[in-house]
Amino acid sequence: MNNLEVKNDISLVNLILPKDSLDKVSKELQKAGAKGIFQVSARGSILNEGGFLAKMFPPPAPEQCLVQVLVPESQNERISKIAIEAGRLDRVGSGAIFSIPCSEAQHSSSFPLTEGEGEGEGGNSTEITMEAICCICEKGVAEDIAQAALAAGAPGPTVTFGEGGGIRDKIPVLRMTKGPEKEFVWCVVDRSESSDVFTSMARAGRITEPGRGFMYSIPVSNGLINVSSTVASSSHGASMEQIISALDEVKGGKDWRSSVETKSTSLSTSFLKDLVGLYCVVPRDHYSDVYDAILDAGAPGVSTNFGVMADRASTGEDMCNEEWAIVYTSLAPTSVKNVMEKVSTKIDALGINRFAFYTLPIPKALTYLGG
């Protein structure tokens, strides 16, 4: 890799925010020194607790935004506290924040990365208590997957939009007959609940069938998940999420949930284990070249999310939002270096001077494996 700065003690801080709190939280994060704040439009998912008419004519899914920012581990707690205070994320239904330890991050000198002390110490040792689950599916399927996640106990799954493809994209005829639009269903759950939620989402999306999609889990070191997931009937004094939160407090934790009897949800299939997620952040104008470079380097598939990078203009206090893309793939650990080098060579040839790579551990993934 040419002229890339390497950071080994970086976390990806993620926020799920309602639209009305996005601007305030972004401004407070920038005042605190956060840079490269990537914002992706999203929609929430809810279970309706109302009567027959309410279920026949459900309210529209709430508008949300997925916010991601790379921060040095030394700044993680400070940045997270500021986001929690600005978005009042300690309240039920106010949103969510969670941190994912990166295996490694590499970036060009002009890429906007949050500064801080203590980088390069050799990785993140924070205890893993939660898991983020992502399911990439064809357009129109996300709602079924999100409802399955809600029914399995996941709080407020979030749906984002983008593009994706694989080896089939190299065949021109197939590219003409199959659109690249994808939907991405995200949720964060306790590790004790992740297996049931993962399985329920996989079944709803029929992920083990050909061409249905790809899903995976990522370890989360800490998080505060207060995404609204129900619309309560007026006949109830509290929503289901408030009742569960109260039970957690009475029981002294969430261990009681695992004692509730549930039918087995195991999948009789083979999981992909111990993969690495490779993510490349580039200006949107160049995403298609990076997309093709990842496939040409031998990756089995590639996905893209689009959004804006919120930053303050160098002169004045006005916000300057530029369109960017996150292009990513899942690889065997032995393939990561080769793919990163080939993509970096392509980026250098294109003259792109603002970009970053980061990698995340993927302990479990699922897709159609053939046979």
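Scope of the values below: all heavy atoms of this structure, side chains included, with no hydrogens, waters or symmetry mates.
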Revision key, fill the gap. Between A204 and I145, the two heavy atoms sitting closest are CB-CA, 4.0 Å
Practice item. Mind checking the CG-OG spacing from L66 to S41? Nearest 0.5 Å is all I need. Key: 10.0 Å
Check your understanding: Between V281, V308, V40, which is the residue that forms a side chain to side chain contact (heavy atoms under 4.5 Å, CB included) with W324?
Key -> V281
Practice item. Would you check, one step at a time, whether the test side chain to side chain contact (heavy atoms under 4.5 Å, CB included) holds for V189 with I133? Key: CA-CA 8 Å; V189 297; I133 301 173; 4.2 Å; yes
Check your understanding: Taking all atoms of both residues into account, what is the closest heavy-atom pair of I97 and I225, and its distance?
Key -> O-CD1, 4.1 Å
Check your understanding: Does a donor on one side chain sit under 3.5 Å from an acceptor on the other, for S11 and E73?
Key -> yes
**Study point:** A325 backbone acceptor or donor facing N305 side chain under 3.5 Å
**Key:** no
Revision key, fill the gap. CD1 (I84) and CZ (R91) are apart, to the nearest 0.5 Å, by 13.0 Å
Review point. Under a 4.5 Å cut-off applied to non-hydrogen side-chain atoms, are P157 and L150 in contact?
Key: yes
Check your understanding: With sequence neighbours left out, what residues match C65 under side-chain contact (heavy atoms from CB on, under 4.5 Å)?
Key -> L22, Q39, V67
Point to revise | Minimum side-chain heavy-atom gap N14-L12 below 4.5 Å | key: yes
**Study point:** P219 side chain near P361 side chain, heavy-atom distance below 4.5 Å
**Key:** yes
Point to revise | S26 side chain vs D23 backbone, donor-acceptor pair below 3.5 Å | key: no
**Study point:** Close side-chain approach of M215 and K364, heavy atoms under 4.5 Å
**Key:** no
Point to revise | pair M201-R203: side-chain heavy atoms closer than 4.5 Å | key: no
Check your understanding: Is a side-chain donor or acceptor of S80 paired with a backbone partner of N76 at a separation under 3.5 angstrom?
Key -> yes
Point to revise | Polar side chain donor-acceptor pair, Q64 to T158, under 3.5 angstrom | key: yes
Check your understanding: For A142, does its backbone N or O pair with a side-chain atom of E183 as donor and acceptor, under 3.5 Å?
Key -> yes
Review point. Of all heavy-atom pairs between R354 and S110, which one has the smallest distance, and what is that distance?
Key: CG-OG, 3.1 Å
Check your understanding: Using a distance-only test with no angle check, is there a side-chain donor-acceptor pair under 3.5 angstrom linking D196 and S200?
Key -> no
Review point. Does any non-hydrogen side-chain atom of L278 lie less than 4.5 Å from one of F357?
Key: yes
**Study point:** Atom NZ of K346: over 12 foreign heavy atoms under 6.0 Å
**Key:** no
Practice item. Indicate the atoms forming the closest heavy-atom contact of Y291 with G164, along with that distance. Key: OH-C, 3.2 Å
Practice item. Please test V13 against Q68 for side chain to side chain contact (heavy atoms under 4.5 Å, CB included), starting from the C-alpha separation and ending with a verdict. Key: CA-CA 6 Å; V13 176; Q68 296 183 320; over 6 Å; no
Point to revise | Derivation and outcome, side chain to side chain contact (heavy atoms under 4.5 Å, CB included), residues T160 and W186 | key: CA-CA 8 Å; T160 61; W186 301 83; 3.2 Å; yes
Review point. If you measure only the distance, is there a donor-acceptor pair under 3.5 Å linking the side chains of N226 and S94?
Key: no
Review point. Any side-chain heavy atom of I37 within less than 4.5 Å of one from Q30?
Key: yes
Review point. Can you find a side-chain donor-acceptor pair between Q106 and Y358 that sits under 3.5 Å?
Key: no
Exercise for review: Please report the shortest heavy-atom distance between T114 and L70, naming the atom on each side.
Suggested key: OG1-O, 3.3 Å
Practice item. Please assess C135 against Y216 for the test side chain to side chain contact (heavy atoms under 4.5 Å, CB included), listing each intermediate value before the final yes or no. Key: CA-CA 7 Å; C135 184; Y216 58 93; over 6 Å; no
Review point. Ignoring hydrogens and geometry, is there a side-chain-to-backbone donor-acceptor pair from T359 to E104 under 3.5 Å?
Key: yes
Point to revise | Lys NZ or Arg CZ of R284 over F306 ring: under 6.0 Å, within 45° | key: yes
Revision key, fill the gap. Correct closest heavy-atom pair for I100 and F98 would be CD1-CE1, 4.0 Å
Point to revise | Inter-residue atom distance T199.OG1 - I207.CD1, 0.5 Å rounding | key: 12.0 Å
Review point. Would one find more than 12 heavy atoms of other residues, nucleotides or ligands at under 6.0 Å from atom CZ of R88?
Key: no
Review point. Can you find a pair of side-chain heavy atoms, one from K35 and one from L113, that are under 4.5 Å apart?
Key: no
Study note, to complete from the structure: Taken to the nearest 0.5 Å, the spacing of D289 CG from I347 CD1 works out to 9.5 Å
**Study point:** Rounded distance (nearest 0.5 Å) linking atom SG of C280 with atom OH of Y328
**Key:** 13.0 Å
Point to revise | E138: which of K182, R212, R206 passes salt bridge (charged side-chain N to carboxylate O under 4.0 Å, His left out) | key: K182
Check your understanding: Listed by chain and number, what are the side-chain contact (heavy atoms from CB on, under 4.5 Å) partners of E131, not counting sequence neighbours?
Key -> R191, S194, S217
Check your understanding: Does L272 have any side-chain contact (heavy atoms from CB on, under 4.5 Å) partners at least two apart in sequence or in another chain, and if so, which?
Key -> F214, L275, A365, T367, L369
Point to revise | Exam field: side chain S21 to backbone G87, donor-acceptor pair closer than 3.5 Å | key: no
Point to revise | Salt bridge flag under 4.0 Å for residues K81 and E85 | key: no
Check your understanding: Looking only at atom types and distance, does a side-chain atom of T329 sit under 3.5 Å from a main-chain N or O of G301, one as donor and one as acceptor?
Key -> yes
Check your understanding: In terms of the angle between their ring planes, are H107 and F111 parallel, tilted or perpendicular, with boundaries placed at 30° and 60°?
Key -> tilted
Study note, to complete from the structure: Rounding to 0.5 Å, atoms NZ (K337) and OG (S344) come to a distance of 12.5 Å
